[in-house]
Colleague: 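Here it is, the structure, as structure tokens.
Just so it is clear, the structure is predicted and the values come from calculations on it, not from any experiment. Proteins come first, then strands; the chains are lettered A, B, ... in the order of their sequence lines, and each starts at number 1.
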Amino acid sequence: MPAHHTRYGVRIKTFYMLKEKKTFYITTTLPYVNAKPHIGFALEIIQADAIARWQRMQGKEVFFNTGTDEHGLKIYRKAQEEGKDPQKYVDEYAAKFDNLKKALNLSYNAFIRTTDENHIKAAQEFWKKCEQAGDIYKKNYKVKYCVGCELEKTESELANGKCSVHPNMELETIEEENYFFKFSNYQQKLLDLYEKNSEFVLPSWRLKEIKNFVAGGLEDFSISRLKEKMPWGIEVPGDDKHVMYVWFDALINYVSTLQWPFYVKASDGKPDKNSNYEKFWPGMQVAGKDNLRQQSAMWQAMLMSAGLPNSTQILIHGFINSGGQKMSKSLGNVVDPFELVEKYGTDALRYYLLSEITPFEDGDFTIEKFEKRYNADLANGLGNLVARMANMLEADSIELTVSSTERGELERGVNGKMKEFKFNEALKILWDELRKNDEELSKKKPWKVEDADKKGEILEPIAQSILSVADLLQPFLPETAEKIITQFSMKQIKRGDSLFPRI
RNA sequence: AGCGGGGUAGAGCAGUUGGCAGCUCGCCAGGCCCAUAACCUGGAGGUCGCCGGUUCGAGUCCGGCCCCCGCAACCA
């Protein structure tokens with residue numbers, strides 16, 4: 001390659017380094033408020049929280065979004081069942097989800113509800129942009145209808161082509177006029193997007209999956225419902241007979257939470273560089289495997305249509321099973337995150353979900369496994385080591401100089417894993433370090449050493465190591481990390497309450 | 001049919017670019033006694049789903065087969 005090309009390459013690189021964003025945006029999907037918070041969502045939001053906290057430690061200004069998805073037929077029905085006004089119903093549920101913030105010690109700074117006034121306006125504006133792009137049109141939409149249930153049925157609700165509740169009745173097909181989104185327009189553009197960004201969707205096999213799906217051809221999807229049948233939605237601009245189908249509206253939260261499209265200065269009509277949208281979009285999304293299509297294909301096509309930049313990356317996690325089986329109410333194996341936190345503590349749950357669950361694959365949760373892990377790693381491991389160290393240091397009034405900046409290799413290891421979102425492996429590195437400290441104590445037996453100075457010489461590097469671990473533990477177990485940091489940063493380290501009592 | 005994931009010690013799982021098969025729990029033996037009946041050391045236990053190929057060498061790459069799970073479009 002000619003020399004000037006190389007030089008050009010270097011300049012490009014420098015340019016990008018200078019331009020490297022100082023901000024970082026991450027969002028979860030919005031849980032639908034037709035049920036209580038589920039441990040699967042706890043996994044998603046804890047993963048997102050660990051990433052957000054880690055990014056902050058890297059010096060980034062982070063915008064971390066979550067919220068609730070509140071429109072649609074199921075919620076409308078649920079509210080009716082409970083004899084409540086839909087708005088009142090969703091208000092109650094939104095509060096339940098926002099309670100996760102405290103229960104799971106989450107650091108999100110935005111909680112968007114799809115019934116928020118700003119979101120509604122944003123969704124309507126987004127619709128108009130897609131319409132202007134020529135991607136919205138009206139078409140007949142066929143729905144299967146079970147007279148027995150007096151309800152519309154989707155394919156997945158059917159068994160052998162019949163309603164599973166009324167298998168003896170024929171389903172009726174009814175037709176209504178809906179608005180459709182020209183998903184089919186975006187097949188090639190989506191494939192190009194995937195081609196250009198080899199890590200657009202992680203893990204790689206999920207990217208492969210979505211590529212295959214898109215390459216197989218896209219059908220336009222319905223994005224509205226007749227208001228007279230289902231009024232609980234955002235009104236379609238310019239047509240008061242329709243409301244938006246919940247999916248179309250819900251996805252837009254990722255930008256409406258950043259004040260899109262109200263980021264333009266009134267004075268000169270130019271984008272306000274200090275607006276959240278300008279500062280943070282595009283960003284990263286975390287979603288479950290059931291959301292692969294919606295997030296990495298449908299939403300991306302919608303963004304293209306409306307003329308907004310695509311998301312930067314989509315992380316797809318798996319599901320949590322319970323004893324190898326899907327969690328379901330009928331099996332009675334649904335796990336409630338609030339109960340776990342109340343009984344075992346926030347960091348215990350965070351630790352289990354981040355260390356035991358392989359980030360991209362399905363994981364398993366049982367109380368037995370959870371307690372085993374808790375005792376082995378938190379009580380016997382971290383908790384016991386901190387206690388035995390603090391005890392010795394206090395007993396002999398040994399003063400140490402420990403600093404929280406000497407992390408070196410350990411930090412590089414953890415950061416390497418975090419760049420790949422391998423939370424479990426990052427934690428493994430930290431626990432290997434803790435184990436080394438236990439080994440070291442067994443080998444050097446400081447409790448047998450009489451001389452206080454010599455004892456201090458043995459204990460200081462171990463205390464330093466614990467402090468380093470605690471430092472790096474902040475994104476994962478923020479409360480515990482903080483306790484240890486406070487305890488081990490004192491000149492005279494003192495015994496504290498046990499961090500994780502044995503079960 | 002197709003697409004995707006998985007099949008590694010009793011259980012649950014790791015195994016980047018091919019190089020003596022690892023981790024946690026459990027089990028057995030020993031040590032220690034500072035600590036949360038904790039911690040440390042050693043040990044038993046595996047034909048890495050099956051067959052074939054490439055290679056000096058394959059859990060790892062290639063081909064074929066078997067079994068389990070998920071998806072299969074409007075399901076938050």
Colleague: At under 4.0 Å between heavy atoms, how does the protein contact nucleotides 23-30 of chain B? Give one character per nucleotide, 5' to 3', with B, S or -.
Modeller: SSS-----

Colleague: Rounding to an integer number of Å, can you tell me how far A:Leu292 CG sits from B:C74 P?
Modeller: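 Result: 16 Å.
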
Colleague: Measure from CG on A:Asn437 to C1' on B:C34 and round the result to the nearest Å.
Modeller: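 The answer, rounded to whole Å, is 14 Å.
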
Colleague: Which of these nucleotides, B:C71, B:G15, B:C34, is closest to any side-chain atom of A:Asn391?
Modeller: B:C34

Colleague: Measure from NZ or CZ of A:Lys211 to the centre of the six-membered ring of A:Tyr194 and say whether it is under 6.0 Å with the direction within 45° of the ring axis.
Modeller: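 No, a cation-pi geometry is absent between A:Lys211 and A:Tyr194.
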
Colleague: So A:Thr358, base contact, sugar-phosphate only, or nothing? Heavy-atom distance under 4.0 Å.
Modeller: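 Contact class for A:Thr358: sugar-phosphate only.
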
Colleague: With P as the reference atom in both, quote the distance from B:U24 to B:C39 in angstrom, rounded to an integer.
Modeller: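 Roughly 11 Å separates the two P atoms.
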
Colleague: With rounding to the closest Å, how many angstrom separate the C1' atoms on B:G45 and B:G5?
Modeller: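 Rounded to whole Å, the distance is 29 Å.
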
Colleague: Identify whether NZ of Lys or CZ of Arg in A:Lys101 sits under 6.0 Å from the centre of the six-membered ring of A:Phe111 and within 45° of that ring's axis.
Modeller: no

Colleague: So which one's nearest nucleotide on RNA chain B is more toward 5', A:Arg502 or A:Lys448?
Modeller: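 By nearest-heavy-atom nucleotide position, the 5'-most residue is A:Lys448.
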
Colleague: Taking any strand in view, what nucleotide pairs with B:C56 in a Watson-Crick or G-U wobble way, both distances under 3.5 Å?
Modeller: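 For B:C56, the partner nucleotide comes out as B:G19, under the 3.5 Å rule.
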
Colleague: Ignoring the backbone of A:Lys369, work out which of B:U36, B:G12, B:C74 is nearest its side chain.
Modeller: B:G12

Colleague: Given B:C74, B:U36, B:C40, which nucleotide is nearest the side-chain atoms of A:Arg225?
Modeller: B:C74

Colleague: Touch check for A:Glu425, heavy atoms < 4.0 angstrom, all strands: base, sugar-phosphate only, or nothing?
Modeller: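 Touches sugar-phosphate only.
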
Colleague: Taking ring-ring contact (aromatic ring centres under 6.0 Å, His included) as the criterion, tell me which of A:Phe365, A:Tyr374, A:Tyr344 meets it with A:Tyr352.
Modeller: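 When A:Phe365, A:Tyr374, A:Tyr344 are each tested with A:Tyr352, the ring-ring contact (aromatic ring centres under 6.0 Å, His included) holds only for A:Phe365.
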
Colleague: Starting at atom CD of A:Glu394, determine the distance to atom P of B:C34, rounded to an integer number of angstrom.
Modeller: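 Answer to the nearest Å: 16 Å.
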
Colleague: If we take the C1' atom in both B:G46 and B:G10, what is their distance in whole Å?
Modeller: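 It works out to 11 Å between them.
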
Colleague: Should B:G63 form a Watson-Crick or G-U wobble pair with both distances under 3.5 Å, which nucleotide is its partner?
Modeller: B:C51

Colleague: Closer than 4.0 angstrom, basic N to acidic O: yes or no for A:Arg206 and A:Glu209?
Modeller: yes

Colleague: How would you summarise protein contacts on nucleotides 2-7 of chain B per nucleotide, using B for base, S for sugar-phosphate only and - for none, with heavy-atom distances below 4.0 Å?
Modeller: -SSS--

Colleague: Nearest 0.5 Å, please: how far is CD1 in A:Ile320 from CD1 in A:Ile357?
Modeller: 4.5 Å

Colleague: Under a 3.5 Å cut-off for both distances, is B:G70 Watson-Crick or wobble paired, and to whom?
Modeller: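 For B:G70, the partner nucleotide comes out as B:C3, under the 3.5 Å rule.
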
Colleague: With P as the reference atom in both, quote the distance from B:U8 to B:C74 in angstrom, rounded to an integer.
Modeller: 36 Å

Colleague: Could you give the CG-to-C1' distance, from A:Asn380 to B:C33, as a whole number of Å?
Modeller: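 These atoms are roughly 16 Å apart.
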
Colleague: Using side-chain hydrogen bond (donor to acceptor under 3.5 Å, both in side chains), reason through A:Thr115 and A:Glu70 one step at a time and then give a plain yes or no.
Modeller: CA-CA 6 Å; A:Thr115 52; A:Glu70 307 184 353; 2.6 Å; yes

Colleague: Who does B:G42 pair with, Watson-Crick or G-U, both distances under 3.5 Å?
Modeller: B:C28

Colleague: Which is true for A:Leu499 with a 4.0 Å heavy-atom rule: it touches a base, it touches only sugar-phosphate, or it touches nothing?
Modeller: base

Colleague: Step by step, would you call A:Thr68 with A:Thr114 a side chain to side chain contact (heavy atoms under 4.5 Å, CB included)?
Modeller: CA-CA 7 Å; A:Thr68 41; A:Thr114 58; over 6 Å; no

Colleague: How far does the C1' atom of B:G12 sit from the matching atom of B:G52, given to the nearest Å?
Modeller: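 Between the two C1' atoms, the distance is 32 Å.
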
Colleague: Take A:Lys445 and A:Asp438, find for each the nucleotide of RNA chain B with the closest heavy atom, and name the residue whose nucleotide sits nearer the 5' end.
Modeller: A:Lys445

Colleague: Provide, to the nearest angstrom, the distance between the CZ atom belonging to A:Phe360 and the P atom belonging to B:C69.
Modeller: 25 Å

Colleague: Roughly how many Å is it from OH in A:Tyr245 to C1' in B:C74, rounded to a whole number?
Modeller: 5 Å

Colleague: Ring of A:Trp447 versus six-membered ring of B:C34: centres under 5.5 Å and planes under 30°?
Modeller: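 Here A:Trp447 meets both the 5.5 Å and the 30° conditions.
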
Colleague: For the C1' atoms, the ones on B:A73 and on B:G6, what distance do you get once it is rounded to whole angstrom?
Modeller: 25 Å

Colleague: Taking the P atom in each of B:G4 and B:C62, what is the distance between them to the nearest angstrom?
Modeller: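 Per the computed distance, 13 Å lies between those P atoms.
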
Colleague: Rounded to whole Å, how long is the line connecting atom NZ of A:Lys289 with atom P of B:C71?
Modeller: 7 Å

Colleague: May I ask you to say whether A:Lys417 pairs ionically with A:Glu425, meaning some side-chain N is under 4.0 Å from a carboxylate O?
Modeller: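 Between A:Glu425 and A:Lys417 there is a salt bridge, with a charged N closer than 4.0 Å to a carboxylate O.
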
Colleague: Specify the closest pair of heavy atoms between A:Tyr254 and A:Leu30, including all atoms of both residues, with the distance to one decimal.
Modeller: OH-N, 4.3 Å

Colleague: Which part of the nucleic acid, if any, lies within contact of A:Asn291, taking any heavy atom under 4.0 Å across all strands shown: a base, the sugar-phosphate backbone alone, or nothing?
Modeller: base

Colleague: Does B:U41 have OP1 or OP2 sitting under 4.0 Å from an N or O in the side chain of A:Ser442?
Modeller: no

Colleague: Give the nucleotide from the list B:C34, B:C40, B:G12 with an atom nearest to the side chain of A:Glu356.
Modeller: B:G12

Colleague: Could you check whether A:Gly217 gets within reach of a base, just the sugar-phosphate, or nothing at all, counting any heavy atom under 4.0 Å?
Modeller: base

Colleague: Taking 4.0 angstrom as the limit, do A:Asp497 and A:Lys483 come out as a salt bridge?
Modeller: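 Salt bridge absent between A:Asp497 and A:Lys483.
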
Colleague: Determine the sole option in A:Tyr245, A:Trp127, A:Phe248 for which the ring-ring contact (aromatic ring centres under 6.0 Å, His included) test with A:Tyr179 is passed.
Modeller: A:Trp127

Colleague: Across the strands shown, which category fits A:Asn384 at heavy-atom distances under 4.0 angstrom: base, sugar-phosphate, nothing?
Modeller: base

Colleague: How long is the line joining NZ of A:Lys443 and C1' of B:C33, in whole Å?
Modeller: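 Going from A:Lys443 (NZ) to B:C33 (C1'), I get 19 Å.
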
Colleague: Sequence neighbours excluded, which residues qualify as salt bridge (Lys or Arg N to Asp or Glu O under 4.0 Å) partners of A:Glu420?
Modeller: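 Checked A:Glu420 against salt bridge (Lys or Arg N to Asp or Glu O under 4.0 Å); matches are A:Lys422.
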
Colleague: If you measure from the P atom in B:C32 to the same atom in B:G42, how many Å do you get, rounded?
Modeller: 16 Å

Colleague: Going by an N to O cut-off under 4.0 Å, is there a salt bridge joining A:Lys88 and A:Glu92?
Modeller: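 Answer for the salt bridge query: yes.
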
Colleague: Nearest to the side chain of A:Ser498, heavy atoms from C-beta on, is which of B:U41, B:C34, B:U36?
Modeller: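 Selected nucleotide (nearest to the side chain): B:U36.
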
